[in-house]
Every structure is written in structure tokens, then in C-alpha cells.
Amino acid sequence: MSGLDRRAFLRTIAGGTAGFAVARRTFAQAPQSAPSPPPITVTKLTDRVAVFGGDGGNVAVVTGPDGLLMIDGGYADRAALLASAVAGVDPRAVRILFNTHYHFDHTGCNESLGARHVRLVAHENVGRRLRTRFDNPAMGRTMEALAESGWPTETFATDGTLAFGRDTVSYAHTPMAHTDGDAYFLLPASNVLHAGDLLWAGRYPVVDYTVGGSLARMAEALGEIDGVILDDTRIVPGHGPASVTRAEMRRIRLMWQTINDRLERHAAAGDSIEAVIAAAPTREFDLQVSVRNPQPFLRQAFGGVLARAHQRAR
Ligand SMILES: [Zn+2]
């Protein structure tokens with residue numbers, strides 16, 4: 001985050017709803033040719049849980065007696081706008097920021113909130129990734145390290161609980177699913193679960209196989225989530241609508257399993273990615289998820305299948 005963005009962020013935190021004007025001015029200074037990003041949307045799931053959508057991952061904000069708990073933080077260049085949107089719902093300070101994984105579209109508030117001594121909680125592999133710049137072929141880019149203020153202050157290896165006001169909230173790591181550091185976050189008193197990027201609704205998922213991700217394990221992770229929720233639990237996906245139902249999550253899991261089975265058969269036959277794409281293994285699902293070009297997803301998902309086969313062969 002640039003110094004300008006950081007100052008704007010701090011002003012919006014301090015200024016509450018006045019922050020909208022600051023944020024607009026920041027965008028007005030952007031080059032004319034830059035497409036304007038989608039607005040940040042707010043959906044209240046309960047009187048205490050709001051989900052903020054936009055172009056980054058879904059952000060959940062929980063209000064407690066002493067301040068806010070935030071699950072994920074969107075893009076860094078949208079942190080100021082997100083902060084003003086959050087302040088519009090509840091102007092009190094964020095006390096805890098939880099990262100569901102290391103991706104930049106979920107950890108964009110780490111540096112700004114970390115600089116204000118907010119507790120940053122994440123899986124230990126998220127800490128490792130955020131400290132390190134590395135090339136990521138699955139994502140087709142270099143993953144930049146965060147400044148030290150954005151590094152988790154508290155990490156965990158498997159699971160844990162947090163006291164937040166009168167509630168106890170919990171989180172659990174699912175190994176090697178979307179990444180190597182995923183965790184879902186459960187709010188039992190509100191009957192809400194934030195799945196991070198273990199769940200994508202209305203689009204195909206990103207599969208970060210460079211760090212151990214695979215569609216097979218993502219489907220298994222949804223099975224693990226299914227085991228800790230109720231029929232009427234609201235599940236916040238990493239991307240897509242503010243929440244989906246358990247039944248919808250089960251449909252998505254079945255779709256991913258079906259696609260993964262087909263990709264594993266292609267891999268066992270020694271097929272190239274071009275042959276996989278030509279066989280259109282997602283054909284009947286493309287309309288359901290409104291995807292016209294499944295190629296980027298197929299390349300990642302098939303890359304994950306090959307990486308897993310390679311691991312098993314060693
Ligand atoms: Zn992600």
C-alpha cells in the first residue's frame with residue numbers, strides 16, 4: 001500500500017462515514033483509462049455479521065461489545081474504501097483480523113491494520129508465504145511479500161478458538177486444499193461460517209497448485225466443512241454471493257468431484273492439457289457457473305492433478 005493510500009485509510013478510519021468522500025477523491029485521481037472497480041457491497045447476514053463484497057474476496061465483519069472482528073481484507077488498493085464501508089456499518093475499531101489464506105485479494109488490509117496493532121491471526125503457512133516473495137506458475141505471477149506490519153502476529157498449526165465478547169469463535173486448517181494454509185472460520189452464535197477460498201459460488205475456483213492446492217482436496221475440504229455446520233448455517237464463500245446454503249455447497253462439491261474425476265482419468269491416460277480442453281470436461285457445468293471460457297480453470301485444476309500424481313510417484 002502506498003503512503004497516500006495508507007493516509008487515506010487512516011483518515012477514513014478516523015472519519016467514519018466522511019471517509020466515502022476521501023475514498024472517492026482517491027479514485028478520481030486514478031488515470032482516466034483505468035476501469036472503475038465494482039462498488040463495495042454490504043449484506044447483513046445477521047444483526048451482528050455483515051459481508052462486504054466487491055472485486056476482492058468476501059470480507060465478513062462481526063460486531064462485538066469492544067469492537068470488530070474481521071475475516072479477510074480484500075485488495076490492498078481497496079483497503080481505504082473497505083474501511084469506510086465498514087465504518088458505515090459500525091464505526092468502532094477492528095480488534096482482530098483473521099486471514100483465511102495468503103492470497104493478495106484476501107490480505108489487503110493486513111499492513112494497514114497491522115500498523116495499528118490489530119491482532120492478525122492466520123495459519124502458520126500464511127505467515128511463511130506473506131514473508132516471502134516467490135514465483136507462482138499456477139497463479140501466473142510473482143507473489144509479493146508484505147511489509148512486516150502485515151505479517152500475522154498469532155499463528156496456528158491445526159485449529160483453535162478465540163474469545164470475542166461473549167462468544168467463542170473457532171477456526172480450523174484444512175491441509176493442502178486451495179493453498180497450503182487455508183482455514184475456515186466458524187461463528188457458532190451467529191450460525192455463520194466463512195469458508196474463504198475453499199468455497200467458490202457462481203464461478204470456478206482458483207487452484208493454487210504451486211503451493212499444494214488441488215481440486216480433489218478442495219472438494220474434501222467442503223466435506224470437512226459440511227461436518228461442522230447445520231442445515232441452516234449461512235456459508236460465506238471466498239468469491240460469489242454473500243452466503244450460500246449447505247445444499248448449495250453440496251451441489252458445488254459434487255460438481256468439483258465430477259470434474260476432478262474426469263481430469264484424473266485424463267491424467268492417467270497421459271493426455272495433454274490441450275486434449276483435456278478439447279474434451280470439454282466442464283461442458284454441462286459452464287452454464288451453471290456462467291463461465292464462457294473454462295480454460296484458465298482447467299489449466300489450474302489439471303495442473304493440480306498432475307502435481308498430486310507427481311507427488312505420489314516420488
Ligand atoms: Zn485464494
Side-chain angles (χ1 to χ4, degrees), residues 37-38 51-60 70-79 82 97-111 120-146 150 152 171-185 193-222 224-225 235-244 249 252-253 256 260 289 291 296-301 303-304 307:
V51 174
F52 296 80
D55 52 355
N58 281 330
V59 174
M70 196 164 160
I71 304 157
D72 281 351
Y75 283 112
D77 65 358
R78 303 269 279 170
L82 177 61
L97 172 63
F98 184 88
N99 294 145
T100 60
H101 62 298
Y102 82 97
H103 283 157
F104 50 86
D105 54 336
H106 296 257
T107 52
C109 287
N110 278 40
E111 290 180 354
L120 303 187
V121 183
H123 186 263
E124 58 192 14
N125 287 344
V126 173
R128 278 180 42 218
R129 299 286 168 210
L130 293 182
R131 284 172 167 76
T132 317
R133 183 178 196 266
F134 67 101
D135 287 329
N136 187 322
M139 304 291 279
R141 59 185 294 159
T142 299
M143 310 307 275
E144 302 293 343
L146 293 189
Y171 47 87
H173 172 52
T174 54
M176 298 300 184
H178 170 65
T179 68
D180 60 356
D182 304 292
Y184 59 81
F185 199 98
L193 183 142
H194 195 316
D197 280 359
L198 296 170
L199 179 61
W200 298 59
R203 65 194 79 182
Y204 289 129
V206 162
V207 182
D208 189 349
Y209 63 80
T210 300
V211 300
S214 70
L215 192 59
R217 277 290 306 144
M218 288 180 73
E220 287 173 16
L222 293 188
E224 291 171 39
I225 287 173
I235 308 152
V236 180
H239 297 267
S243 73
V244 301
M249 185 183 75
I252 293 167
R253 183 183 180 211
W256 291 358
N260 186 68
V289 295
V291 169
F297 163 63
L298 281 174
R299 289 180 188 279
Q300 284 187 335

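All ligand and atom numbering here is 1-based and tracks the order in the structure.
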S.K.: Under the criterion side chain to side chain donor-acceptor pair (under 3.5 Å), which of Asp72, Asp208, Thr179 is the partner of His103?
M.R.: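 Single side chain to side chain donor-acceptor pair (under 3.5 Å) partner of His103 among Asp72, Asp208, Thr179: Asp208.
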S.K.: Is there a side-chain contact between Ile235 and Leu199 (heavy atoms, below 4.5 Å)?
M.R.: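 Yes, close enough: below the 4.5 Å cut-off.
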S.K.: Tell me which N, O or S atom from His103 is the closest to the Zn ion (ligand 1).
M.R.: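 Distance check against the Zn ion (ligand 1) picks out ND1 in His103.
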S.K.: State, to 0.1 Å, how close Asn125 and Arg128 come at their nearest heavy-atom pair, and which atoms those are.
M.R.: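 Heavy atoms only, the tightest pair is OD1-NH1, 2.8 Å.
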S.K.: Can you name the N/O/S atom of Asp197 that is nearest the Zn ion (ligand 1)?
M.R.: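 It is OD2 of Asp197.
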S.K.: Could you tell me which N, O or S atom of His178 is nearest to the Zn ion (ligand 1)?
M.R.: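 Considering only N, O and S atoms, His178 comes nearest to the Zn ion (ligand 1) through NE2.
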S.K.: Can a salt bridge be assigned to the pair Arg129 and Asp180 using a cut-off of 4.0 Å between side-chain N and carboxylate O?
M.R.: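 The answer is yes: the pair qualifies as a salt bridge.
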